[in-house]
Visitor: 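If you scroll down you'll find the structure; I have some questions about it.
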Amino acid sequence: MSTDDVPGRPVPERPVTVRRVPPALRPALDDERLARAAWSRLVEPGDAAAAALVAEVGAALALEAVVTGRGPRRWRTRLEDTDPLADLARARAVGGRLVVPGDDEWPAGLDDLAHHGGPERPLGAPLALWVRGPAHLAGAVRRSAAVVGSRASTAYGEHVTSEIAAGLAERGFTVVSGGASGVDAVAHRAALAVGGTSVAVLAGGVDRPYPAGNAALLGRLAREGALVSEVPCGADHTRWRFLERNRLIAAATLGTVVVEAAWRSGALSTAERAERLLRPVGAVPGPVTSAASAGCHRLLRERGAVCVTCADDVAELLGPVGTAPAPAPADAQRRPFDGLGPEELRVAESLPRRSAASTERIAKAAGLEVAAVHALLGRLELAGTAVRHGAGWRLGTPTPPR
């Protein structure tokens, strides 16, 4: 890595090579928004050196440095093809807009990308976002969950994804995913199906639906939720950009849930970035014989992910510290002896269901003193667990604990 690539280091003073400024870039040299739009075309997502330089001196001054020949050469390879005004026009043509730091629509969580990840593997904050759709981005992701997983999802994975995503949307969470086939698509559809909000973070331009099979879904997200990218309209989807967009999904949300993922699934990179950003990570267990869940089991075993199986689990995981745990399912609350102490349970299990038994007989069956059983029967009677029947006692209908 050259000194120019060290995050946080301003462009060094050096003899300046005077270059011709491409006409399309001239307006951006005096306008921060246009300059950020230009940077989103000039550099690849996740370029930590570019992000650090822009944070240090501003987008316009940093762009001027590139135009005059300073900084890494890779920043100059696209100068002649960069036209921020044209990119803004393309975005407007499809109902898109540019969002930059300082805008009220900028997600605050993305700023963490500039401060986490470490000097060896900096994550790199995005320089700008291209957004298409009616959802106010910052408001939408303020209470949001990333739901990600394998493209080659199984029927089990799709069922669990649908249940979790729909349940989160019903609880007021925005469901954020990557717009891909499999788990991503199911998560988006489930959230929209219950009237919730969903956001897809794309690896290419917001005007280029990918994969083509999800064009209808992405079109609906553009009408009802939001499509987000850090590359301008017309930009291609590449493998590198898919990996880098995962850091945006991890940073913008409160936490990440991996529903189904194979051993080397790309969804695991979202979880890894969430860990580096100190966001909670949940993983859904699958059948131990399923290769499609091997990545989730790896997260649970090696990475300390939290086991989640339903929307209540995820809501608890992403809630503020000290939030009460989700209530137990209704069928789990109807067990008659729940909440009884050890000695109360021994007495309750010694009560006959039909004919009555004396206190002495109950004490013998429970292995307790008669005096203690007298007191315990009184408490069980108040709960309806024990009922007097003549001179003895029998089992009643206990009131389930609340």
Visitor: Do L318 and V314 have side chains that approach each other closer than 4.5 Å (heavy atoms only, starting at C-beta)?
Guide: yes

Visitor: Looking at R245 and E230, is there a salt bridge between them, counting it only when a charged N and a carboxylate O are closer than 4.0 Å?
Guide: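 Judged by the 4.0 Å cut-off on N to carboxylate O distance, E230 and R245 do not form a salt bridge.
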
Visitor: May I ask you to establish whether R142 and F173 are in a cation-pi arrangement, using a distance under 6.0 Å from NZ or CZ to the six-membered ring centre and at most 45° from the ring axis?
Guide: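 Not flagged: R142 not positioned over aromatic ring of F173.
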
Visitor: Can you confirm whether more than 12 heavy atoms, excluding those of W240, are under 6.0 Å from its CH2 atom?
Guide: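 No, the 6.0 Å shell around CH2 holds no more than 12 heavy atoms from other groups.
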
Visitor: With a cut-off of 6.0 Å (strictly less than), are more than 12 heavy atoms of other residues, nucleotides or ligands near NE2 of H136?
Guide: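 Result for NE2/H136: enclosed.
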
Visitor: Are any side-chain N or O atoms of E170 and backbone N or O atoms of V194, one a donor and one an acceptor, separated by less than 3.5 Å?
Guide: no

Visitor: Step through the shown structure and confirm whether more than 12 heavy atoms of other residues, nucleotides or ligands are within 6.0 Å of CZ on R239.
Guide: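 No, CZ of R239 has 12 or fewer neighbouring heavy atoms, counting only those of other groups under 6.0 Å.
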
Visitor: Would you say CD of E302 has more than 12 non-hydrogen atoms from neighbouring residues, nucleotides or ligands within 6.0 angstrom?
Guide: yes

Visitor: Which one of L110, T174, V131 satisfies the side-chain contact (heavy atoms from CB on, under 4.5 Å) criterion with L137?
Guide: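 By the side-chain contact (heavy atoms from CB on, under 4.5 Å) criterion, L137 pairs with just one of L110, T174, V131: V131.
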
Visitor: Taking atom types as modelled, find out whether D207 and W130 have a side-chain donor-acceptor pair closer than 3.5 angstrom.
Guide: no

Visitor: Apply salt bridge (charged side-chain N to carboxylate O under 4.0 Å, His left out) to E349 and list each qualifying residue two or more places apart in sequence or on a separate chain.
Guide: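 Salt bridge (charged side-chain N to carboxylate O under 4.0 Å, His left out) check on E349 returns nothing, list empty.
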
Visitor: Counting heavy atoms not belonging to R361, are there more than 12 under 6.0 Å from its CZ?
Guide: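 Counting neighbours around CZ of R361, 12 or fewer heavy atoms of other residues, nucleotides or ligands fall under 6.0 Å, so no.
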
Visitor: Using the test salt bridge (charged side-chain N to carboxylate O under 4.0 Å, His left out), find all partners of E64 that sit at least two apart in sequence or belong to another chain.
Guide: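 Result, salt bridge (charged side-chain N to carboxylate O under 4.0 Å, His left out) vs E64: none returned.
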
Visitor: Which distance, rounded to the nearest 0.5 Å, do you find between the CD of E32 and the CG of L63?
Guide: 9.5 Å

Visitor: Under a 3.5 Å threshold, yes or no: a donor from one side chain and an acceptor from the other, between E260 and T154?
Guide: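 A donor-acceptor contact under 3.5 Å links the two side chains.
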
Visitor: I'd like to know whether OH of Y156 has more than 12 heavy-atom contacts from other residues, nucleotides or ligands below 6.0 angstrom.
Guide: yes

